[in-house]
Each structure stands twice: as structure tokens, then as C-alpha cells.
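Notes follow once the structure below has been shown.
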Protein chains: 2
Amino acid sequence: MPAIECLETPPAAATPKPEAERLCKLLAHIPLLDGFDPAELVRFARGVREQNVDKGTVLFHRGDPCHGFHLVLSGQIKLAFTSSEGQEKVIEIIRPGQSFGEAVMFMEKPYVVMAQALTDCKLLHIAKNVVFEEMDRDPSFCRRIIAGLSHRLHHLIADVETYSLRSGRERIVGYLLREEEISGEPGARGRVSVRLPTSKGTIASRLNLTQEHFSRILHELAEAGLIGVEGRTIHILDIEKLRTAQMQY
Amino acid sequence: MPAIECLETPPAAATPKPEAERLCKLLAHIPLLDGFDPAELVRFARGVREQNVDKGTVLFHRGDPCHGFHLVLSGQIKLAFTSSEGQEKVIEIIRPGQSFGEAVMFMEKPYVVMAQALTDCKLLHIAKNVVFEEMDRDPSFCRRIIAGLSHRLHHLIADVETYSLRSGRERIVGYLLREEEISGEPGARGRVSVRLPTSKGTIASRLNLTQEHFSRILHELAEAGLIGVEGRTIHILDIEKLRTAQMQY
DNA sequence: GGCGCGAGTTAACCAGAATCAAGGTCCAAG
DNA sequence: CTTGGACCTTGATTCTGGTTAACTCGCGCC
């Protein structure tokens, strides 16, 4: 597990133009900047840094100061906290197109969680000063940030609900159904397959379960004829049945 | 438990002036509007409605549309969700000076939780249109909203951490210490007392415990000589010792 | 090939917390 | 004063999920 390190893109001091252009192209795709005109993007690009990190790299620990936020271009990042006894709880698995660290940035406080690459990743780091400048300049940009934070909050409340009101079995079934929803076709019926985005241990922690318990429940669901397990691929044998099972338990 | 009902302040159509003035005075104290000049407050007051609700009143249910946010002037409101089986989980107990419902307002989605008055309450309801107008007009107002949402998010993450990494005992000890911190003198030592803001059952739910389990743990803590229980008043016999107990468990 | 390693599985056992079922206490209304 | 209800406590029992530990499987590497 390598220590924190920022593999910057090659300096490119000699030819800054194409490098900046490439960055702008990347920026144009991120939801927060959707519809920004080129001039705005260039302004923004000043504070943006591309990072390539290896699997296992810790981007920041709890307590580290925050200088901006991150956006994942490819790969996966896990956000987690570790208790004093060393056990870890994964709060979120960040996937391409998603960003993290905004809330802490706006609070001017150190990180409360740690972030670690689950795979080799390509990231953008957006410095907070360009965000703050843009906020002063453009009220609609503020609106987007507010919308983003609200959305995040909403999501987290749903997580709290899941953790406190649902059993392990229900959480797993819910997870599988959601996962199918984002990766599969919209109106899927009957037999569909879901590929787990990362190791079972990590997903178990995300769902507030131990790896062992997760494994057991998958086994139970398989025995009940609801799913088939094949490594990281879960075959949902009858998605309608799984949905109704979700209701009952 | 009375159904939802909005006890508006008397119409005051004949003398709108003093009524508006009184509202402005209330508004001037809320953190979000701190430092606003009178003209801004008046503009804001158009969308503000005072509400007096009785204990037990449900302000909104999950699924209700959201037309603005609420601020508590006096009394307590509980935010909770109810599972399909009817069991309830309290997410937050809102106290005077605090507000709720902003995130949902910015998302233009229905409420995901329900809000109920734990005591007779005085509230302000701020309509979303005046908030949105002010956001377009004043970037610094946006900043405050962003700061508020970030803070809320931060808090919720701390809750998730507590729920998933700490035992019931630890959660209760942590709660008592926090409660002491906000109600007691800053540098308290030795013996101090904390008054629970509401019923033990509600607090138990807030901490993700059953009433029974909560009661038992209080008993255990009392037996261990850490606290004394006298109805809703908890005497912390030695706050230093409780703090170190918090570390160990 | 054999070694080591990480991920996953399985089973036996255990603990923390929920559930169920009585009571107890206090207080306000009849 | 006594009746009922809200709130709380207590004990017995059950259950969910965590802990520990052994074992398997696949894979990269010497």
C-alpha cells in the first residue's frame, strides 16, 4: 500500500497549450460545469490538476487539510473511516463521473474520512480557490453546488434509513436491485446479471456487514433460489421475485 | 395526535405594519440572515409565515410536497422515518434556532422524512420562492446556504460513523457528553447535571436503540458509578471519568 | 512445481441488542 | 380516591450479526 503520492501529469512546460486544451475537454464533461463556455473552462482549468494514482494509494487521511475537491475520471475510490481499534467502515464507493470532498472544502475543516484508490485511477483535483472565485462570479454555479450538496444529503439520509431500519438481508437485496438498475437495461425482467464493482469485503463494509455475514447471506439467497453466485458476478434469477422478496423481509 | 393543521397567526389585515415589523425582528435573529439590512429583511418577510403548533402535530409526512423550510423559534421538533412495519426511527431532534427541510426544498422533491412537534412550538415557515429570489440577488447568501448544507452533511456523516462504529453504550456516553457541552459551562469538571430534552424513548430512537436497551444501559452506567439518574435529569458524577470511559469502550 | 498471498467460504461459538411480557411510577381527569 | 394512560423499568428469551479459526481456491512469482 504505497504512501500518499501525487503522480502529476508530465510538466508540459514547453507546450502548455495542448495540455490546457485537453484539460478543458475533460472539464466540459463534468456535470458541475455542463454548459460552461470555453472562456469559463479555461479560467477553471487554472485550478485543475490531473492525477494518476495506483491501486491502494491513500489520497487523504482523516485530519488532513482540504485544498479542493476530487472528481473521478476512471477507476474507483473508497471513502471510509477507521475506528480507534483499526476496523474500517466504507461510507461510499465513488465511481467515474462522481466527485467527493466538496462539503469539507466549503467548511474549511480537515477531512473526516479517508479516501483510498480501489483500483488504478485517473482523477481531477479542483482547487478550492477557483471554485470560490466562480461562485462569486456566477450565481447559477452556486445553484448547482447547492443542488449537488442537497442531493448528497438526501442520499446520506437514505443510507441512515437503510442502516437503521433494514436487516442485513434487506440491505443486500436492495443493493443488488439498485446495482442492476444503474448497470442493466431499464425495463429488465426475468434473469439478469450484476457484476460487483469491487471486492465482496468492501461491499460488505459499505452495507455495514462483515465479509462473513455478507457471504452467508449471499449463500442463503442462492439457496432460496433467488440468485446465483459466480465470483463477482451475481445472477439474479428472477428480478420480479427479488423485488417482492425485498418488500416482505 | 392531531392531524396536520397550520395555526396561522391572526390575519392582521387591518394593521399589517406592526405585524411585519415583528416578523422582521424575529428574522433578524436567525443565523442565515445575520447582518441583513432592514430592506432585505422586509423583502424576505413576504415569504415568511409564523406557525404555532401543538404538541403531537405532524408538520409533514414523507411524500408530502415541500414549499419551503422551517425554523424553530421555541419548542422541539422531531424528524423521523417510519418503516413499512410502523416502527419509527428518529433522525434528529430540532431545537430553537435550528432549521430543517432546506435540502429537500433545493431538490424539488417530496419530503423523505416526517416532522412532528414534540412539544408546543413556535415556528417560522420560509417559502422557497423568497429564498430562491434572494439567492439570485446575493451571492453571499448562497455562500451561507452552502455553508449550512455542508455543515448538515458533516453532521450526518458523524452520525453514520457513530451508528456503525460505536456500541450502544458508547453512543449514550457520547450523547451525554455532547449534551453537557452545549448546555453546561465550557470548562466543567467533576459533577455536572444534564437534563434530557425529551422523553427517553425518543432519545433512544435518536441513538438507534430501543427504549428498553437505553434504560438498561443507563442503569449499568449508574451501577458503574459514572452517572446518577433522576427522571429526565442525569447527574454525571465525574465528567473526566466519563470522558475516559468513552475512550475505552 | 511449489510457495505464498489475498479473497472468499464455512462452521462453531458468542455477544449485543431486539422482542416479549409484566410491572411500576407518576400524574391528571373523572 | 381511583382510574387510566404515558412513560419507564426489569427480566426472560430470542435473534441477528460479529468473532474466531480453519480451509479452499485462484493467481502470480520464484
Side-chain angles (χ1 to χ4, degrees), chain A residues 1 54-56 76 78 83 85-90 116-119 162-173 175 195-223 227-234 249, chain B residues 1-2 54-56 76 78 83 85-90 116-119 162-175 195-224 227-234 248-249:
Chain A
M1 202 169 300
D54 294 336
K55 172 174 173 170
Q76 288 155 21
K78 87 170 172 212
S83 75
E85 295 86 38
Q87 54 181 332
E88 179 177 288
K89 152 68 181 145
V90 175
Q116 186 179 27
L118 289 172
T119 63
T162 306
Y163 294 148
S164 41
L165 250 35
R166 303 223 191 284
S167 70
R169 200 187 173 111
E170 290 172 299
R171 296 205 290 273
I172 292 182
V173 172
Y175 176 81
R195 173 109 189 134
L196 300 181
T198 183
S199 78
K200 291 185 184 172
T202 303
I203 291 170
S205 170
R206 168 69 244 266
L207 297 175
N208 238 358
L209 296 167
T210 56
Q211 180 170 237
E212 292 90 332
H213 196 200
F214 184 76
S215 175
R216 252 192 299 248
I217 294 175
L218 280 190
H219 188 85
E220 278 172 35
L221 290 174
E223 216 153 55
I227 64 171
V229 181
E230 202 180 318
R232 282 193 189 171
T233 304
I234 311 292
Y249 295 140
Chain B
M1 207 167 292
D54 294 337
K55 172 172 175 172
Q76 289 155 21
K78 89 171 168 208
S83 75
E85 296 86 37
Q87 55 182 328
E88 179 176 289
K89 152 70 182 144
V90 175
Q116 186 180 27
L118 290 172
T119 63
T162 306
Y163 294 147
S164 42
L165 250 35
R166 303 223 190 283
S167 69
R169 201 187 172 107
E170 291 172 300
R171 296 205 290 275
I172 292 182
V173 172
Y175 176 81
R195 175 107 188 137
L196 301 181
T198 184
S199 78
K200 290 183 184 173
T202 303
I203 291 169
S205 170
R206 167 70 245 267
L207 297 175
N208 238 358
L209 296 167
T210 56
Q211 182 170 237
E212 294 91 329
H213 197 199
F214 184 78
S215 174
R216 257 188 279 264
I217 292 176
L218 280 189
H219 189 85
E220 277 171 38
L221 290 174
E223 216 155 55
I227 64 170
V229 181
E230 203 179 317
R232 281 193 188 169
T233 305
I234 310 293
Q248 290 163 21
Y249 295 138

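Since the model is a prediction, treat every value here as computed from it, not as a measurement. Residue numbers begin at 1 in each chain, while the letters A, B, ... track the order of the sequences.
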Cut-off 3.5 Å, no hydrogens considered: what does the side-chain donor-acceptor table look like for residues 195-204 of chain A, sequence neighbours left out?
residue, atom, partner, partner atom, Å
A:R195, NH1, A:T233, OG1, 3.1
A:S199, OG, A:T202, N, 3.3
A:S199, OG, A:T202, OG1, 3.0
A:K200, NZ, A:G231, O, 3.2

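Contacts of B:R171 classified as salt bridge (Lys or Arg N to Asp or Glu O under 4.0 Å), with partners at least two apart in sequence or in another chain: none. For B:S164, the side-chain contact (heavy atoms from CB on, under 4.5 Å) test picks out A:F81, A:K89, A:N208, B:V160, with sequence neighbours left out. When the salt bridge (Lys or Arg N to Asp or Glu O under 4.0 Å) test is applied to B:K78, the partners found at least two apart in sequence or on another chain are B:E88.
To the nearest angstrom, C1' of C:dG16 lies 11 Å from CG of B:L209. Separating the CG atom of A:N208 from the P atom of C:dA17 is a distance of 13 Å, rounded to the nearest angstrom. B:Q87 places its CD atom 10 Å from the P atom of C:dC20, with the value rounded to the nearest Å. Atom-to-atom, CZ of A:R166 to P of D:dG17 comes out at 13 Å; the value is rounded to the nearest Å. As rounded to whole Å, 13 Å separates atom P of C:dG16 from atom CZ of B:R171. Atom CD of A:E220 and atom C1' of C:dT10 are 13 Å apart (whole Å). In this structure, B:L207 places its CG atom 14 Å from C1' of C:dA17, rounding to the nearest Å. Rounded to whole Å, atom P of D:dA6 lies 16 Å from atom CG of B:L118.
Atom NZ of residue A:K55 and atom CD of residue A:Q116 lie 10.0 Å apart, to the nearest 0.5 angstrom. Interatomic distance, B:H219 NE2 to B:E223 CD, rounded to the nearest 0.5 Å: 4.0 Å. Interatomic distance, B:L207 CG to B:H213 NE2, rounded to the nearest 0.5 Å: 11.5 Å.
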Q: Could you encode protein contacts along nucleotides 22-28 of chain C as a string, one character per nucleotide from 5' to 3', using B for base contact, S for sugar-phosphate-only contact and - for no contact, with a heavy-atom cut-off of under 4.0 Å?
A: -------

Q. Taking protein heavy atoms under 4.0 Å as touching, what does nucleotides 7-14 of chain D look like 5' to 3' if B marks base contact, S marks sugar-phosphate-only contact and - marks none?
A. -SBBBB--

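Counting only heavy atoms from C-beta outward, the side chains of A:R169 and A:L221 approach each other to under 4.5 Å. You'll find the side chain of B:L218 reaches within 4.5 Å of the side chain of B:I234, heavy atoms only.
For C:dA18, the OP1/OP2 oxygens have a side-chain nitrogen or oxygen of B:T210 closer than 4.0 Å.
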